[in-house]
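In what follows, a structure is listed as structure tokens, so that the remarks can point back to it.
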Amino acid sequence: MSIESILTSAALQAVQNLYNTALTAQQIQLQSTKPEFEGDLTIVVFPLLKISKKTPEETAKDLGAAIQAATAEVSTFNVVKGFLNLSISEEYWIKSFSELNNSLPLQNDHAKKLMVEYSSPNTNKPLHLGHVRNNFLGYAVANILEAAGNKVIKTQIINDRGIHICKSMYAWMTWGNGETPASTQEKGDHFVGRYYVLFEQNYKKEQQALIAQGVSEKDAKTKAPLFQEASNLLRQWEAGDQQTVALWKTMNSWVYEGFEETYKKFGVDFDKIYFESQTYLLGKKIIEEGLAKGVFYQREDSSVWIDLTAEGLDEKLLLRSDGTAVYITQDIGTAVDRYKDFQVDGIIYTVANEQDYHFKVLFLVLQKMGYSFWEGLFHLSYGMVELPTGRMKTREGTVVDADDLIEEMIATAGQATEEKGKLSELNSTEKSEVVRKIAIGALKYFMLKVDPKKSMLFNPEESIDFNGNTGPFIQYIYVRTRSLLRKTAGEDLHYTISEISAKEKELIKKTGDFHNVVLEAAKLYSPAIIANYCYELAREYSAFWADHQILKSEDQNVRNFRIALSKTVGDTLAQGMKILGIEMVERM
RNA sequence: GAUUCCGUAGCUCAGCUGGAUAGAGCAACUGCCUUCUAAGCAGUAGGUCACGCGUUCGAAUCGCGUCGGGAUCACCA
């Protein structure tokens with residue numbers, strides 16, 4: 001039983017005895033004592049004054065005396081205003097450390113089968129900074145839910161269908177001269193992306209020419225010959241034209257190969273991939289069913305809509321007047337498909353907050369269609385990554401490419417590592433592996449330490465630091481613990497101790513929080529909670545390291561206890577970082 | 001305009017289910033490597049928690065309003 005529940009039930013009993021009142025556990029306000037006061041845990045007695053009918057001080061004293069008498073763990077207490085500070089005996093902390101088990105996953109009696117969707121790119125351009133946050137976040141949340149004892153399926157939906165990919169296709173047909181990623185030595189997604197940009201540039205020129213001739217801006221968009229060609233290609237694709245479909249498959253496969261490479265660098269993976277091209281027809285079918293059921297309605301031009309004005313939203317288009325699918329159509333089909341494939345209890349959609357409205361509508365549509373699984377759907381809405389100049393804009397060339405970013409990080413980390421010069425024992429393959437882990441660790445931690453809901457700033461100029469509240473700092477603290485363990489490998493590390501220092505006690509408390517932190521992170525879908533916990537633990541260990549001798553402790557028992565403590569800190573950090581998708585290194 | 005998210009140190013962020021004197025990192029300045037990895041530690045300085053009102057014994061935290069910023073409100077995805 002945790003010390004918190006021991007104290008809570010003792011407090012409840014004390015209130016019962018002293019004031020003859022039965023309270024619930026929630027009415028006992030137990031919190032950890034602020035460092036500037038003596039004690040470990042504090043009960044706030046202000047809420048109890050109405051029952052005690054005494055001053056805060058008297059109430060706290062009565063309660064403190066009763067709790068101390070009833071529990072072996074409480075060694076002493078003091079009262080400051082309405083705060084009852086309870087000191088827990090060192091024996092208790094030593095015992096709880098010896099019994100600590102921070103292994104994962106947690107036992108969960110209410111385990112669920114959950115699907116986490118993330119990444120979900122378009123197949124017409126390479127991944128960028130926005131995808132970086134998305135991927136790290138989605139992957140970490142999947143790990144968190146799994147660590148909390150759930151079954152998790154990682155997935156994405158690939159937007160492989162639509163006018164955007166036709167644009168790249170047409171550009172390649174027109175200007176490609178049959179070149180391929182292999183022939184140009186280019187990464188497939190960058191290769192295809194180049195043609196998409198080429199298309200857009202020429203398309204823009206055509207629009208400007210038309211506008212110069214007096215055509216309205218709106219008409220110019222659709223009347224430009226290139227747009228006509230791309231639309232034509234889309235119609236051919238929808239009609240199943242063999243050549244078009246073949247080219248579509250080829251170009252998409254180039255993109256997938258490129259993506260795969262980037263995902264590998266990200267250190268993320270997927271259990272199941274859905275393609276829009278395979279789900280949009282089901283979406284259309286469901287819309288037709290809904291139309292027949294009267295959930296949706298059709299306008300004179302035969303477009304299909306849902307009226308959500310009663311829910312405080314607008315009317316929303318579900319099917320175009322020409323019967324073709326829009327963005328939400330495939331999402332409806334995909335959700336139903338997923339549910340059928342896996343009978344999941346829930347789907348977590350990792351998608352930026354610019355799509356908050358979209359998901360509100362999507363969930364309502366599914367609810368109104370009578371799919372009971374709509375209750376398990378959750379939009380993990382996260383803030384955009386902004387540059388010092390504001391949002392990334394393709395047109396202004398401010399898009400930060402994911403592959404470039406990672407290369408730069410690795411270069412910077414390599415330089416920093418070289419300057420430290422601590423890897424002389426490693427060969428060059430091992431060295432570059434360490435550098436890679438530090439680089440990715442820095443980037444991931446940077447992205448994940450911020451509350452997902454908040455938009456964040458990324459400054460490429462200043463790049464990412466390796467000091468302070470960073471991934472590499474945590475990796476570094478782990479490295480220290482590993483260094484100790486290497487030096488004592490094979491030794492008998494038994495110990496018996498009866499006293500611990502204040503910093504040792506703090507570390508015991510902190511490592512003991514790990515499972516609760518994981519649960520909290522799972523509840524809030526927030527990797528930031530794990531990241532901040534790891535940082536606090538690492539910082540406390542670092543302070544401990546600075547003013548305690550470990551291997552050189554005179555007393556063998558103290559020495560071995562400190563080694564055990566170091567191991568627990570290291571293992572806990574490694575587990576926390578693993579959840580974030582950050583790998584540890586043995587030396588740095 | 002409507003809806004929604006946000007506003008904490010010069011900068012980037014914690015803290016937010018109400019609790020004691022609001023915390024870190026970066027940047028600046030001081031110290032600390034002959035001793036277990038200094039990517040570190042210790043310290044100095046830096047705050048009207050956007051503003052106002054309310055609820056409360058108690059508000060950065062909850063409610064209302066004002067100001068400021070982002071996002072969304074497409075037969076785009």
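Since the model is a prediction, treat every value here as computed from it, not as a measurement. Throughout, a chain's letter reflects where its sequence line sits, starting with A, and its residues are numbered from 1.
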Sugar-phosphate only, base, or nothing, as touched by A:Glu386 at under 4.0 Å among non-hydrogen atoms: sugar-phosphate
Closest nucleotide among B:rC73, B:rC41, B:rA39 to the A:Ala543 side chain: B:rC41
Closest listed nucleotide, where the reference is the side chain of A:Val450 and the choices are B:rG40, B:rA20, B:rA14: B:rA14
A:Asn353 side-chain N/O to B:rU4 phosphate OP1/OP2 under 4.0 Å: no
Ionic contact status for A:Arg299 with A:Glu315, cut-off 4.0 Å: yes
Watson-Crick/G-U partner (both atom distances under 3.5 Å) of B:rC53: B:rG63
Interatomic distance where CG belongs to A:Asp356 and P belongs to B:rA77 [whole Å]: 19 Å
Donor + acceptor pair across side chains of A:Thr123, A:Asn252 (<3.5 Å): yes
Aromatic-base stack, A:Phe473 on B:rG40, cutoff 5.5 Å, angle under 30: no
side-chain N/O A:Lys453 vs B:rC5 OP1/OP2, d < 4.0 Å: no
Under-4.0 Å side-chain N/O to phosphate OP1/OP2 contact, A:Ser483 with B:rU37: yes
A:Thr334 and A:Thr279 side chains, donor-acceptor separation under 3.5 Å: yes
Length of the NZ-P vector between A:Lys316 and B:rA74, whole Å: 7 Å
Separation of atom CD1 in A:Ile158 from atom C1' in B:rA77, rounded to whole Å: 15 Å
Side chain to side chain contact (heavy atoms under 4.5 Å, CB included) partner of A:Arg587, the single match among A:Arg486, A:Lys422, A:Glu430: A:Arg486
Selection from B:rA20, B:rG19, B:rU37 that lies nearest to any side-chain heavy atom of A:Lys487: B:rU37
Watson-Crick/G-U partner (both atom distances under 3.5 Å) of B:rC32: B:rG40
A:Tyr357 side chain, from C-beta outward: closest of B:rA77, B:rC73, B:rC41: B:rC73
Touch class at under 4.0 angstrom, heavy-atom based, for A:Thr417 against every strand present: base
Any-strand Watson-Crick or G-U partner of B:rG18, both distances under 3.5 Å: none
Whole-Å distance separating the CD atom of A:Gln549 from the P atom of B:rU37: 12 Å
Residue matched to B:rG58 through Watson-Crick or wobble contacts both under 3.5 angstrom: none
C1' atoms of B:rG25 and B:rA45, separation to the nearest Å: 16 Å
Identity of whatever pairs with B:rG47 - Watson-Crick or G-U, under 3.5 angstrom: none
B:rA14 OP1/OP2 closer than 4.0 Å to side-chain N/O of A:Lys454: yes
Heavy-atom side-chain proximity of A:Arg161 to A:Trp237 below 4.5 angstrom: yes
Closest listed nucleotide, where the reference is the side chain of A:Arg320 and the choices are B:rC73, B:rC36, B:rA77: B:rA77
Nearest-Å distance for atom pair CZ/P, residues A:Phe446 and B:rC13: 7 Å
Interatomic distance at C1', B:rA22 relative to B:rA59, whole Å: 12 Å
Presence of A:Lys420 side-chain N/O under 4.0 Å of B:rG40 phosphate oxygens OP1/OP2: no
Whole-Å gap separating C1' (B:rU4) and CD (A:Glu311): 17 Å
Sugar-phosphate, base or nothing in reach of A:Tyr535, heavy atoms under 4.0 Å: sugar-phosphate
Same-atom distance (P) from B:rC16 to B:rG23, integer angstrom: 14 Å
Phosphate contact (B:rC13 OP1 or OP2) by A:Lys449 side-chain N/O below 4.0 Å: no
Integer angstrom distance from the C1' of B:rU72 to that of B:rU61: 27 Å
Side-chain heavy atoms of A:Met577 within contact of A:Glu583, under 4.5 Å: no
Whole-Å distance separating the CE atom of A:Met456 from the P atom of B:rU12: 11 Å
Distance-only polar pair, side chains of A:Ser542 and A:Arg480, donor-acceptor under 3.5 Å: yes
Between B:rU44 and B:rG7 - C1' atom distance, rounded Å: 29 Å
Side-chain donor-acceptor pair present, A:Glu58, A:Thr55, cut-off under 3.5 Å: yes
Watson-Crick or G-U counterpart of B:rC73, or none if no pair lies under 3.5 Å: B:rG1
Rounded distance in Å between the C1' positions of B:rA71 and B:rU30: 46 Å
Minimum-distance nucleotide (side-chain atoms of A:His164 versus B:rA77, B:rA20, B:rC36): B:rA77
Residue-phosphate contact under 4.0 Å: A:Tyr327 side-chain N/O, B:rA77 OP1/OP2: no
Distance-only donor-acceptor test, A:Asn85 side-chain atoms vs B:rA20 base atoms, 3.5 Å: yes
A:Trp545-B:rG40 aromatic stacking (under 5.5 Å, under 30°): no
Contact under 4.0 Å: A:Arg480 side-chain N or O vs B:rA38 OP1/OP2: yes
Closest listed nucleotide, where the reference is the side chain of A:Asn467 and the choices are B:rC13, B:rU72, B:rA39: B:rA39
Assigned partner base of B:rU12, Watson-Crick or wobble definition, under 3.5 Å: B:rA24
B:rU72 phosphate, OP1 or OP2, under 4.0 Å from A:Arg391 side-chain N/O: yes
Nucleotide opposite B:rG68 in a Watson-Crick or G-U pair, distances under 3.5 Å: B:rC6
Atom P, compared across B:rC57 and B:rG46: separation rounded to whole Å: 35 Å
Side chain A:Thr42 and base B:rA20 donor-acceptor under 3.5 Å: yes
Aromatic plane relationship, A:Tyr256 with A:Phe275 - under 30° parallel, 30 to 60° tilted, over 60° perpendicular: tilted
Closest to the A:Arg486 side chain, choosing from B:rA39, B:rA20, B:rU37: B:rU37
Distance between C1' atoms of B:rU55 and B:rC64 (Å, rounded): 11 Å
Pair A:Asp331-A:His358, side-chain donor/acceptor within less than 3.5 Å: yes
Syn or anti conformation of B:rC32, syn meaning chi within 90° of 0: anti
Distance in angstrom units between A:Gln556 CD and B:rC36 C1', rounded: 14 Å
Per-pair stack call A:Phe46 and B:rG19, 5.5 Å, 30°: yes
Candidate nucleotides B:rG19, B:rC13, B:rU21, ranked by approach to the side chain of A:Gln29 - the nearest: B:rG19
Which nucleotide in B:rA39, B:rU37, B:rA20 has an atom nearest any side-chain atom of A:Val479: B:rU37
